[in-house]
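Below, chain A is the first sequence line, B the second, and so on; all start at residue 1.
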Amino acid sequence: MTHNVFIRFMEILFYAQTLQYFTNIKRSKVFDVLKFFLFKRHKVMRFFSNFKMDLLFFDKNEGCRRPELKLKHSRIEFIKHAAQLPTIFVIFALYIKFCSQDKKQLLMRRVRVRFAPSPTGPLHIGGVRTALYNYLFAKKHGGDMLLRIEDTDSARFVPGAEEYIVESLNWLGITIDEGVGAAAESNGAHAPYRQSERKGIYRKYVDQLLEAGLAYIAFDTPAELEAKRSEIANFQYDAKTRDMMTNSLTLPADEVNARISNGEQYVVRIKIEPDQEVKVQDLIRGEVVINSSVIDDKVLFKSVDELPTYHMANVVDDYLMEISHVIRGEEWLPSAPLHVLLYQYLGWQNNMPEFAHLPLLLKPEGNGKLSKRDGDRLGFPVFPLNWKDPKTGEPSSGYREAGYFPEAVVNFLALLGWNSGTEQEIFSMQELIELFSLDRVSKSGAKFDYEKGKWFNHKYLQQKSNREIADIFQKILIENDIIEDSEKLEKIVSLVKERVNFVNELLGQSIFFFKAPTEYDAKTVQKRWKAETPAQMEGLIQTLEAIDDFSAENTETIVKEWITAKEYNLGGIMNAFRLSVVGEPKGPHMFDITEIIGKEETIERLKKAIDTLG
RNA sequence: GGUCCAUUCGUCUAUCGGUUAGGACGCCAGGUUUUCAUCCUGGAAAGAGGGGUUCGACUCCCCUAUGGACUACCA
């Protein structure tokens, strides 16, 4: 025993020294490394697993990227140039040393992830985030993003939902490499990608489990099950109760066969071995252990429609499609042990994907999962695109139609549950791909903060060129029967864009450029329109009439000179001027407005104001 | 009820055993401005509670509380 400890110590010393040799860790830090190794094995594991992905990334000929080795509070630049490549091998060796066999295999595996929604309605914003994280992860590691449609429940199928999903992902810039919606769907190596079209595939694996005695046939009708549930509190179909049910374990073989050939409907249930420890390695939560006794004998397959249920289909398809990482919502965590068991029962434990269960998106106020109703109640979309329920005709609003830029939605969603570890808030998709890491996904649910979403859109709006915004704005104007010269429009956009969050708010901020006010804000009239104002405005009209060059700069100079000469109060004149031209106490610089609407229009508006307000 | 997961400003989060607990949204105040916004500066604002472990705990462990998810022939 003591001998072993000594050997270990020497081994560790060797590693620590190698580390010091190849990196620029300070000598004093080597002691910390030793301490880590000796006393905090679990930390060491985490420590190395942190840059596993960086190593992989480096592997993909991205030679310019430098993985960093972060040790305590000192950040050590780890790889400076290719000449330091041996360093990678040392760390790699260390990592392998502390990893189990199957981890090694996973390290070498090509990253393939899937987003697997069920076409039961519009894609929920939480689902969008799951898709986004899958996409970011895949792209970061040079892997594949698949879209698979999980439509094994024909009863819940909603027409148009699949198209909606594909269109949403397209809009957001989440491109599918393989599967439904991919550029060459039919040519995918693992086609088809709709479970309903994969119907024939599953039976074989169900039979395999049946033959191995790891599953059994059950004839209990829904009504019988319901009866059992009300009869026995906390009833669960499992090792304790399966003996009292109607299934192939309690019935003689010939009766089972007779029932089947009589056309009696049945299901296939997994036969869970009780009292086993089932371990799920979750990339976000660490190891989750549960006792198999709490898992019930889930239905894997139903004879009615010859389709598997989610659990079976999902495991079989992930295996067949060579999925390396299953990244999905936290609501799947409780059934993850069942999936692990299924991989074992099918003999695929060495090809099992790694799991990552994402935290949920919670409602903004109160608690619970974000739902469509919250959006309706609080007035913000919870779907990417508008949707109209084909049955009820009930509409749901989407981010696209609400005026959001897809980049803003992506940025906002990316930060709801993940952060880069820096203080940067605005990220392009490219930056997100480079920076994304499951290690930095938080464990707890995130409340949906709609206000911040607006802020993101504001930021993206400011970043866009005036030309780009003017083009979108042009369409809105045409819908409102306003025709405006595109160059002038660009100028208008430059003056008002910083005041809005959305392009569709632009009209409200700039209507006075296109139309003279028809009424004047009562409060402002009271405050800014005094007895002497009409006479002053008459004077202003005369001053303006004498101006040839109506550019903002020139007009401003002349008007201000006039105000000074008359010894008027600058604010008094300007506010009344604004009220006359705009009708409200708002808008950009006055002379920028007058330059755009022009001399005649300006004077006309002043005259009208004098007439109306007296 | 059972199982699992989680818990840092109002909200999203940083912190990998030693920090005046940092940033962002929102809020408040001041400044800029002829208006309203924008913008700039500043401010208030947090480790659920209790036990351990440790020289030292927001950080590791346990208990409690709270919240959430799951508990279908749905996904």
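Nucleotides B:A48 and B:G10 place their C1' atoms 16 Å apart, quoted to the nearest Å. With C1' as the reference atom, B:U7 and B:A44 are 24 Å apart, rounded to whole Å.
Across all strands, A:T221 comes closer than 4.0 Å to base atoms (heavy-atom distances). A:V304 comes within contact range of at least one nucleobase, with a heavy-atom separation under 4.0 Å. Contact annotation for A:D220: base contact, defined as any heavy-atom pair under 4.0 Å involving a base atom. In this structure, A:T152 reaches the sugar-phosphate backbone alone: every heavy-atom distance under 4.0 Å involves primed, P, OP1 or OP2 atoms, never a base. Across all strands, A:G572 comes closer than 4.0 Å to no nucleic acid atom at all (heavy-atom distances). Among the atoms of the strands shown, only primed sugar atoms or phosphate atoms (P, OP1, OP2) are found under 4.0 Å from some heavy atom of A:D153. A:R156 comes within contact range of at least one nucleobase, with a heavy-atom separation under 4.0 Å. No contact: A:W418 has no heavy atom under 4.0 Å from any strand. Within 4.0 Å (heavy atoms only), A:K454 reaches no atom of the nucleic acid at all. Among the protein residues, A:R328 comes within range of no part of the nucleic acid, since none of its heavy atoms lies under 4.0 Å from any strand. Within the nucleic acid shown, A:P588 comes within 4.0 Å of at least one base atom, counting heavy atoms only.
In summary, the side chains of A:D275 and A:N291 do present a donor paired with an acceptor at a separation below 3.5 Å, with no hydrogens or angles considered. Side-chain polar atoms of A:S444 and A:S442 form no donor-acceptor pair below 3.5 angstrom.
Side-chain nitrogen and oxygen atoms of A:K459 include none within less than 4.0 Å of the OP1 or OP2 phosphate oxygen of B:C25. Close to B:U34, at under 4.0 Å from its OP1 or OP2, lies no side-chain N or O of A:N575. Contact annotation: A:R440 side-chain N/O to B:U15 OP1/OP2 distance is under 4.0 Å.
Aromatic ring centres of A:Y133 and A:W418 lie farther apart than the 6.0 Å criterion allows. Taking the six-membered ring for Trp and the full ring otherwise, the centers of A:F412 and A:W455 sit at least 6.0 Å from each other.
Among B:U34, B:A24, B:C73, the nucleotide with an atom closest to any side-chain atom of A:V267 is B:C73. Of the listed nucleotides (B:C12, B:C25, B:U13), B:C25 has the atom at the smallest distance from the side chain of A:W455. For A:S442, taking side-chain heavy atoms from C-beta onward, the closest of the listed nucleotides B:U11, B:U13, B:C70 is B:U13.
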Expected rows: protein N/O vs nucleotides 44-49 of chain B N/O, under 3.5 Å:
none

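Contact of the A:V582 side chain with the A:F513 side chain is not registered, since no non-hydrogen atoms from C-beta on lie closer than 4.5 Å.
Atom NZ of A:K271 has 12 or fewer neighbouring heavy atoms from other residues, nucleotides or ligands inside a 6.0 Å radius.
Seen from the ring of A:Y237, A:R269 counts as a face-on cation partner, given the 6.0 Å and 45° thresholds.
Annotation: side-chain contact (heavy atoms from CB on, under 4.5 Å) contacts of A:L570 (sequence neighbours excluded): A:K560, A:I563, A:M574.
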